[in-house]
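Being a predicted model, the structure only gives us computed values, none of them experimental. When a ligand or atom number is given, it counts from 1 through the structure's own listing order.
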Amino acid sequence: MQIETLAIHAGHGVDSATGAVRPPIHLSTTFERQPDGEYPHGYVYTRLDNPNRQALEQALAVLEGGEAAIAFSSGSAATMSLLQALSPGDHLLVPTDVYHGTTQLLQTVFIPWGLQVTVVDMTDLSEVEQALQPNTRLVWLETPSNPMLKLTDIQAVTDLAHRAQALCVCDSTWATPILQRPLELGADWVIHATTKYLGGHSDVLGGAAIARVADPYYQRVRQIQTTGGAVPSPFDCWLIQRGIATLACRVQMQCESALAIATFLAEHPAIEIVHYPGLATHPNHDLARRQMRQFGGMLSFEVKAGRTEAIAVAAKLQLFTRATSLGGVESLIEHRASIEGKNTRTPGNLLRVSVGLENGQDLIADLAQALAEVSG
Ligand SMILES: *Cc1c(COP(=O)(O)O)cnc(C)c1O
């Protein structure tokens with residue numbers, strides 16, 4: 001079955017108790033025990049498991065083609081639980097432009113706790129190979145990257161990780177399961193901030209980790225989640241599953257509009273460079289064609305005139321809301337350097353765009369008016 005069909009049907013059918021076509025939300029925190037001490041429905045207490053979470057996890061596992069999935073209360077909680085399953089003294093590799101929050105988590109929690117971290121440019125395979133150590137347990141990759149839209153070769157990095165007896169985790173939030181299949185390329189785990197495209201409406205926080213095999217490391221991550229309580233609420237699970245049903249058609253339209261916008265900006269005299277893997281001029285365009293089904297709904301661009309003018313362009317836009325985050329129905333624009341703070345590597349003249357579901361030509365017209373008086 002194709003992914004569009006799976007996205008509608010995976011993880012739920014008609015409710016057998018009521019005939020409801022869409023799943024009920026089970027808010028109960030506790031479940032009845034039978035006189036013989038058994039729990040015939042399999043649920044005991046909602047931190048351990050809940051029908052809405054189980055349904056969402058089934059859908060996530062099917063969408064990514066993994067044996068098992070764990071739904072979390074945020075993308076960061078998914079990252080945290082995977083790292084907590086390691087031991088102090090273990091080593092991991094992370095990419096130079098890994099999600100900002102992942103860097104924060106490593107610096108403030110996990111390096112003090114005893115993890116060893118090497119930051120590498122994962123677009124350079126020889127750097128990855130040289131950085132692997134006997135105690136490397138995880139190679140963490142993220143593609144496309146934020147906010148520079150660099151691509152990492154998932155299969156090649158996974159092969160290097162496996163040769164060194166390390167696992168490979170791919171943060172595939174920006175690509176979604178529609179555009180990129182990390183587990184099929186050999187990765188051991190896929191993670192998502194379901195806050196973004198899977199939820200899809202900027203109204204629910206969530207995360208997911210999907211394991212290719214339900215091995216002891218998976219069991220450990222599950223144990224950390226359920227004993228520590230990094231679980232999403234039943235309503236949040238329900239919202240994310242509702243979002244998944246329309247994921248394929250949302251992503252399809254967002255990709256089409258993003259390509260049209262990137263093409264428009266690339267030809268605009270006020271723009272220095274557009275970062276979008278769908279453009280033939282993008283340094284990883286060939287890899288993008290091999291590794292992704294389409295090129296995604298995220299792009300960034302640099303304004304020739306500089307930082308002040310870039311901020312002014314964002315201020316003039318009518319249809320793009322100035323806000324962080326991505327993957328929702330409304331288009332967002334963000335001056336990344338100022339949100340990332342003083343140690344940022346992001347160019348000051350860069351704006352990042354999350355393309356929404358407005359008409360693509362309307363979005364282009366808005367960009368055209370905002371850029372009209374900016375010098376080239
Ligand atoms: C947003 C995001 C995260 C973190 O997710 P939260 O739900 O905000 O904790 C992780 N990785 C990427 C690529 C993201 O965009």
*Nearest to atom 15 (O) of ligand 1 by heavy atom, K196, M80, H100, E142: which?*
K196
*Any side-chain donor paired with an acceptor under 3.5 Å for Y197 and Q254?*
no
*Donor-acceptor contact below 3.5 Å, side chain T158 vs main chain I154*: yes
*State whether a side-chain donor-acceptor pair under 3.5 Å links Q133 with N135.*
yes
*Considering only non-hydrogen protein atoms, determine which one is nearest to atom 7 (O) of ligand 1 and report residue, atom name and distance to 0.1 Å.*
T195 OG1, 2.7 Å
*Should you measure from each heavy atom of L205, which atoms of ligand 1 turn up under 4.0 Å away?*
7 (O)
*asked:* Below 4.0 Å, non-hydrogen atoms only: which portion of I191 touches ligand 1? Side chain, backbone, both or neither.
replied: neither
_Sub-4.0 Å atoms of ligand 1 with respect to non-hydrogen atoms of S76_ = 4 (C), 5 (O), 6 (P), 9 (O)
*asked:* Just to verify, what does M148 make a side-chain contact (heavy atoms from CB on, under 4.5 Å) with, not counting sequence neighbours?
replied: D97, S145, K150, H275, E302, P347, L350
*When you measure from atom 5 (O) of ligand 1 to every protein heavy atom, which one gives the shortest distance, and what is it?*
A193 CB, 3.2 Å
*Does the ring center of F295 lie less than 6.0 Å from the ring center of H285?*
yes
*Could you tell me the residue and atom name of the protein heavy atom closest to atom 10 (C) of ligand 1, and the distance to it rounded to 0.1 Å?*
Y99 CD2, 3.4 Å
_I'd like to check whether N146 has a polar contact with ligand 1, where a contact means an N/O of the residue lying under 3.5 Å from an N/O of the ligand._
no
*Quick check: does G75 get an N/O under 3.5 Å from an N/O on ligand 1?*
yes
*Parallel under 30°, tilted from 30 to 60°, perpendicular over 60°: which one fits the rings of F31 and Y43?*
tilted
*Indicate yes or no: does an N/O atom of T102 lie under 3.5 Å from an N/O atom of ligand 1?*
no
*Do you see a donor-acceptor pair shorter than 3.5 Å between the side chains of S331 and E358?*
yes
*asked:* Among all protein heavy atoms in this structure, tell me which lies nearest to atom 11 (N) of ligand 1, with the distance rounded to 0.1 Å.
replied: D171 OD2, 2.7 Å
*Which atoms of ligand 1 have any heavy atom of G206 under 4.0 Å away?*
7 (O)
*asked:* Which label fits F264 and H268: parallel for a plane angle under 30°, tilted from 30 to 60°, or perpendicular past 60°?
replied: perpendicular
